[in-house]
Structures are given as structure tokens and as C-alpha cells.
Amino acid sequence: MYDAVVVGARCAGSATALLLARKGYKVLLVDRSSFPSDLAFSTHYIHQFGAALLKRWGLLDQVAVHMLPLHHRQLEASG
């Protein structure tokens, strides 16, 4: 039995499942796709607000390690 079932494991679904699980809820996260995926509509750009949320959740450093090398990259977050 789950407290919450989150359908869709992309940006919003993953974040929702993470936050619920950290509050102690038993969460099932489901998606029909397998990951990682590189869909045509997918973007690898992280907006400043998104970087700030990743930092607050303790995930920014882990995400930065897996980013593709760029000629110029600025990844910072306040908050």
C-alpha cells in the first residue's frame, strides 16, 4: 500500500515523489518510458530557479557531475 502514486517521472513528477518520500510518505513513482531518455522535446538546460531548487534538495552537485561538457558553462544557485 502506498500513500501516494505519482504518474510521470520527469521533472515535476520526480521532484514531487522526492519531496513526499523525504516527508516520510511511501511513494510509488511510475512512468511508461525507460530512463535515461533523450526525447526530441527534452531539454538539458536548467533554469536558475531549477538550479536553486536542486541545491536546496541537495541534488545540484550530483546533477552537475553528469552534465555534458560545454565550452562555457555557468551553474550557480542562490538560496
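If you're wondering where the values come from, they're calculated on a predicted model, not measured in any experiment.
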- Message: Looking at every non-hydrogen atom in both residues, tell me the closest pair between Asp31 and Arg10 and how far apart they are.
- Response: OD2-N, 4.3 Å

- Query: Mind checking who shares a hydrophobic cluster with Tyr25, ILVMFWY linked at side-chain heavy-atom distances under 4.5 Å?
  - Reply: Val6, Leu20, Val27, Leu29

- Query: For the side chain of Arg22 and the backbone of Trp57, is there at least one donor-acceptor N/O pair under 3.5 Å apart?
  - Reply: yes

- Query: Any idea which heavy atoms bring Lys26 and Met1 closest together, and the distance?
  - Reply: CD-O, 3.3 Å

- Output for pair (Arg56 CZ, Leu19 CG), nearest 0.5 Å, gives 8.5 Å

- Can you name the nearest heavy-atom pair linking Ser14 to Ala9, along with the distance? OG-O, 2.7 Å

- Message: Which residues end up grouped with Val65 if you chain together Ile, Leu, Val, Met, Phe, Trp and Tyr wherever their side-chain heavy atoms are less than 4.5 Å apart?
- Response: none

- Message: Membership question, hydrophobic clusters at under 4.5 Å side-chain separation (ILVMFWY): are Leu18 and Tyr2 in the same one?
- Response: no

